Amino acid sequence: MTVNGTYPIDRIRGDFPILSEKVRSKPLIYLDNGASAQKPSTVINQISKTYEAGYANVHRGVHYMSQIATDAMEAARKKVQNFLNAEDEKEIIFVRGATEGINLVATSWGRANLRSGDEIILSVLEHHSNIVPWQLIAEQTGAIIKVVPIDDNGGFILDEFEKLLTERTRIVAITHVSNALGTVVPVAEVINLAHQNGSIVLLDGCQGAPHMAVDVTDLDADFYVFSGHKLYGPSGIGVLYGKKALLEEMPPYQSGGEMIDRVTFEKTTYAELPFKFEAGTPHIAGIIALGTAIDYVQGIGFDAIREHENKLLQYSTERLSEMNSVDIIGTAEDKAAILSFNLRDVHPHDVGTILDHEGVAVRTGHHCAQPVMDRFDLSATVRASFGLYNTHEEVDALVAGLQRVQEMLG
Ligand SMILES: Cc1ncc(COP(=O)(O)O)c(C=O)c1O
């Protein structure tokens, strides 16, 4: 959405109450969206509204409030289906977040399908959440993990990926966008090559879904996961999309209430999708508010969001490149709005601490992506990650903060 051809940044910023907060008497400049994004009033209000006027447990009661809550939760599932362009709402499983979604697939699909000597392909770009669950299942099944390298710009090397595919490759689990570097992985090509090889693909969409339109049907993705809290929605709720045929064949991941059809001590039968994978009482208010977050993002539209964030990325890259002693890490051709860098001779944590005194919130550390850090021989970077409400003035404040760091420590 643009108004007279311009991105309505003032109106958008007005939708996020926290952006008017002061930090140490300075305006909050929030550049840590890759870790978690702030919430618009509609999402915040929806949570109160659910508890004030539409709350009970779901899928259980015949009473009015239970029906209201169940209908709202299932309406949110429809919104997610539409958001990802999934063919069937039964393919949308609510989980706690991307981490739980990946663990679900690694455990449930992995136990049923992986045998000793089978191969799992990951890439150097993965977040620990898309490494460790596969290591655990590899240990349990005897499967082998192979890793796609990246180039000096942090780009995914498609040719090397192709070389790793063998007749034993069962699954490829790859990030859509790198949280540490911002690299956008050519996922359509990855899926094509994997499918030609007879392998399935899980995409970790944590940093993809907040920045660009995702069409799982067009991509032909087998699994896609994302977390609500990075998409301007609540924490504690996320989504696993899976193709129906795959999910139907997979055994339950967790068990308990909600996920059963009939229980006796002799034998239990399971509920249909998606409930087979939704054991226990879900995060009802969170699911409903995730639907509101999706409404919010779709109201602006990814064409406008992408264009705005690309301008911020380009501007911040230019400004930091002009500075002395700044090394930008991750300069792949296709990037989402994430800028990782270091000031020479200054520890990233010191950079982050001084920026914090200027009201600028950035992430410092390994970003739960230690293999990426190892690839560049680093232990940590400073990461500015932009969202739909950030501005060029905030980039200027970041640069001014970095100049201050250099005056103090450089
Ligand atoms: C690429 C990527 N994958 C997975 C995760 C884990 O997400 P969550 O902690 O919401 O489960 C993150 C979070 O930073 C991420 O950036």
Side-chain angles (χ1 to χ4, degrees), residues 30-39 43 80 93-107 122-136 147-148 150 154 156 172-185 187 190 201-212 214 221 223-241 253-254 277 282-283 286-287 289-290 293-294 309 329-330 332 334-340 361-373 375 380-387:
Y30 189 76
L31 304 179
D32 195 17
N33 297 284
S36 201
Q38 301 297 348
K39 321 301 172 199
V43 168
V80 177
I93 315 288
F94 288 118
V95 287
R96 273 193 299 136
T99 301
E100 188 175 51
I102 297 166
N103 273 281
L104 191 162
V105 176
T107 306
L122 311 176
S123 85
V124 168
L125 293 171
E126 302 318 311
H127 186 282
H128 297 164
S129 294
N130 197 30
I131 299 175
V132 187
W134 299 109
Q135 288 175 324
L136 284 176
V147 183
V148 185
I150 54 175
F156 182 92
V172 177
I174 299 280
T175 195
H176 190 173
V177 172
S178 156
N179 68 307
L181 305 180
T183 309
V184 179
V185 173
V187 290
V190 167
V201 179
L202 174 142
L203 295 181
D204 172 357
C206 258
Q207 305 291 343
H211 299 293
M212 59 196 73
V214 177
F223 297 107
Y224 194 95
V225 298
F226 70 89
S227 292
H229 67 97
K230 295 180 200 279
L231 187 66
Y232 311 97
S235 54
I237 189 67
V239 169
L240 162 66
Y241 157 81
Y253 170 55
Q254 293 178 335
F277 291 109
H283 183 1
I287 290 171
L290 173 61
I294 287 174
E309 291 181 351
I329 298 112
D334 196 2
K335 277 184 64 172
I338 289 173
L339 189 62
S340 236
V362 292
R363 178 86 183 264
T364 63
H366 53 59
H367 317 296
C368 300
Q370 284 180 328
V372 176
M373 299 296 117
R375 169 64 177 77
T381 71
V382 184
R383 182 186 71 180
S385 50
F386 302 103

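Indexing begins at 1, ligand by ligand and atom by atom, following the structure's order. Computed from a predicted model, the values in this text were never measured in an experiment. Below, all heavy atoms of this structure are taken into account, side chains as well, without hydrogens, waters or symmetry copies.
In this structure the side chain of Ile338 never reaches within 4.5 angstrom of the side chain of Leu181, judged on heavy atoms. Between Asn33 and Pro210, the closest side-chain pair of non-hydrogen atoms is not below 4.5 Å.
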Steps toward side chain to side chain contact (heavy atoms under 4.5 Å, CB included) verdict (His127, Gln207):
CA-CA 10 Å; His127 186 282; Gln207 305 291 343; over 6 Å; no
Take Thr99 and Ser129 through the side chain to side chain donor-acceptor pair (under 3.5 Å) test and state the conclusion after the steps.
CA-CA 5 Å; Thr99 301; Ser129 294; 3.1 Å; yes
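Between His366 and His128, the two ring planes are tilted [angle within 30° to 60°].
For Asn130, the closest heavy-atom approach to ligand 1 does not fall below 4.0 Å.
With respect to atom 3 (N) of ligand 1, the closest heavy atom belonging to the protein is Asp204 OD2, 2.5 Å. Of the protein's heavy atoms, Thr99 OG1, 3.6 Å lies nearest to atom 9 (O) of ligand 1. Regarding atom 15 (C) of ligand 1, its nearest protein heavy-atom neighbour is His127 CD2, 3.3 Å. Here the heavy atom of the protein found nearest to atom 16 (O) of ligand 1 is Gln207 NE2, 2.7 Å. Regarding atom 5 (C) of ligand 1, its nearest protein heavy-atom neighbour is Cys206 SG, 3.5 Å.
Contact annotation for Glu100 and ligand 1: no heavy atom of the residue comes within less than 4.0 Å of the ligand. Only side-chain heavy atoms of Lys230 come within less than 4.0 Å of ligand 1; its backbone N, CA, C and O stay farther off.
The option with the heavy atom closest to atom 10 (O) of ligand 1, from among Ser227, Ser129, Pro210, Gly34, is Ser227.
For Thr175, no nitrogen or oxygen atom sits less than 3.5 Å from a nitrogen or oxygen atom of ligand 1, counting backbone and side chain alike.
A donor atom on one side chain and an acceptor atom on the other are found under 3.5 Å apart for His367 and Thr381.
In this structure, the side chain of Thr183 does not engage the main chain of Val185 through any donor-acceptor pair within 3.5 Å.
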